[in-house]
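Structure first, commentary second.
Just so it is clear, the structure is predicted and the values come from calculations on it, not from any experiment. All values below come from the heavy atoms of this structure, side chains included, with hydrogens, waters and symmetry mates left out. Here, residue 1 is the first one in the sequence, and each next residue gets the next number.
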Amino acid sequence: MTSPLKTTTPFGYNPHTAVPPVVDFTPSKPTATGGGGLVDQVKEAWTKVNRFRDGLNLPNPGTFEGVNREVKHTFLTNHVFDGARCDITKVLTPNFQVTHSFAMGAAASPSTYNFGTAFIGQQSFLSGNLDTDGNVQARANYAWSNTNVSKVQSQLSTTPGHSMLQIEQDYNGKDFNLNLKGVNPSPTEGTGIFITSYLQSITPNLALGAEAVHQRPTPQSAETTYSYVAKYTGPDYIATATYQGFGALQASYYLRYSEKVDFGTEIQLVTAGGRRDAVATVGGKFEFRRSTFRGQVDTTGKVAAVLEEKIVPGFSFLISGEMDHGKGQSRFGVGMMWEV
């Protein structure tokens with residue numbers, strides 16, 4: 001007698017009794033291991049970049065506009081004057097003060113009186129000035145945070161073409177600075193001057209940056225120029241180099257000789273339009289126990305000096321002088337500053 005046919009496979013499957021498997025044609029959902037989309041991938045890459053930058057521990061390089069700030073403090077651009085001058089400052093509250101400024105006897109300008117006010121808050125700064133010619137200047141700064149500051153500056157002048165409005169936004173990152181600025185912007189016509197600058201620390205000592213200036217005086221004409229800067233900071237010195245797109249090269253060097261002695265030097269080269277002009281300037285600042293002396297000399301033949309003598313706390317006497325050997329001109333001034 002023959003044995004019955006075996007219908008069970010070696011793996012225990014009986015094709016006559018087992019239920020055939022059901023095939024599911026529903027599309028499968030993507031798993032989380034696939035990256036989560038382009039947005040998540042960008043976020044993850046940005047997080048890795050920030051972690052890498054945090055590991056470098058780079059310092060904030062300052063602003064593009066202020067790369068030569070230390071050198072300018074040793075020069076006399078904002079200190080030399082002629083004739084007689086008097087500044088009286090009255091502190092009304094810890095946050096508010098007024099200033100009365102008198103100037104007379106200057107060779108290039110008439111006698112003037114200027115009244116100024118200033119308010120310094122925890123997050124804001126307000127100031128205003130009014131002179132006898134009817135010119136009004138106002139400035140307002142507001143710090144949204146420790147890194148984000150908005151600035152507005154305006155001037156109303158009786159001289160045609162001298163009135164202006166400037167809007168500025170400054171953002172300080174851990175190792176960079178971004179600045180946006182608009183001068184006399186017109187939203188309806190799209191005219192004005194628009195400036196964007198960025199300065200980034202590359203190493204603990206080296207910072208590189210760029211600036212774009214877009215000038216649009218009329219809707220039909222526009223021009224854009226670019227500038228590039230490199231700044232190297234040493235233990236007691238700062239060296240900078242700036243190239244401007246219209247053919248100007250500027251290099252400066254600042255030396256902190258001691259706590260009370262600073263030196264600065266600057267050279268400017270202009271090669272635009274077939275010109276070959278160069279000017280070198282050397283300045284020094286010396287702080288004594290009761291006085292401050294600044295001196296400056298350049299290759300055009302100008303020699304200038306300003307002495308500020310602190311007679312008593314809150315009262316200073318100033319002497320200013322400048323000689324231009326190239327033009328055979330000189331000017332001299334005396335002044336005082338009094339804080340009450």
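- No hydrogens or angles considered: a donor-acceptor pair under 3.5 Å links the side chains of Gln155 and Gln137.
- With hydrogens and angles left out, the side-chain atoms of Ser252 and Asn68 include a donor and acceptor closer than 3.5 Å.
- Just one of Asn179, Asn177, Thr147 meets the side chain to side chain donor-acceptor pair (under 3.5 Å) condition when paired with Asn172; it is Asn177.
- Aromatic rings of Tyr198 and Phe176 (six-membered ring for Trp) have centroids within the 6.0 Å cut-off, being under it.
- Under the 3.5 Å distance criterion, with hydrogens and angles disregarded, no donor-acceptor pair is assigned to the side chains of Ser163 and Ser157.
- More than 12 non-hydrogen atoms from other residues, nucleotides or ligands lie less than 6.0 angstrom from NZ of Lys174.
- Aromatic ring centroids of Phe246 and Tyr226 lie 6.0 Å or more apart.
- Remark: Glu266 engages Lys72 in a salt bridge, criterion side-chain N to carboxylate O under 4.0 Å.
- In terms of the salt bridge (charged side-chain N to carboxylate O under 4.0 Å, His left out) criterion, Lys310 has no residue partners (sequence neighbours excluded).
- Side-chain atoms of Thr233 never come within 3.5 Å of backbone atoms of Ile238 as a donor-acceptor pair (strictly under, hydrogens ignored).
- Considering Asp131, Thr99, Asp87, Asn135 in turn, Asp131 is the only one that fulfils the side-chain contact (heavy atoms from CB on, under 4.5 Å) rule with Asn114.
- Below 30°, between 30° and 60°, or above 60°: for His100 and Tyr113 the angle between ring planes is below 30°, a parallel geometry.
- Ring planes of Tyr142 and Trp144: perpendicular class, angle over 60° (limits at 30 and 60°).
- Note on Val340: it does not cluster hydrophobically with Leu318, by side-chain heavy-atom contacts below 4.5 Å among ILVMFWY residues.
- For the salt bridge (charged side-chain N to carboxylate O under 4.0 Å, His left out) test, no residue two or more places apart in sequence or in another chain qualifies with Asp170.
- Within the 4.5 Å cutoff, side-chain heavy atoms of Arg139 are placed close to those of Phe125.
- Cluster annotation: Leu208 and Ile195 are assigned to distinct hydrophobic clusters (Ile/Leu/Val/Met/Phe/Trp/Tyr, side-chain heavy-atom contacts under 4.5 Å, transitive).
- For the residue pair Asn205/Thr203, the side-chain donor-acceptor check at 3.5 Å is not satisfied.
- Remark: Lys285 does not engage Asp262 in a salt bridge, criterion side-chain N to carboxylate O under 4.0 Å.
- Using a 4.5 Å cut-off on side-chain heavy atoms (C-beta onward), Val80 and Arg331 make contact.
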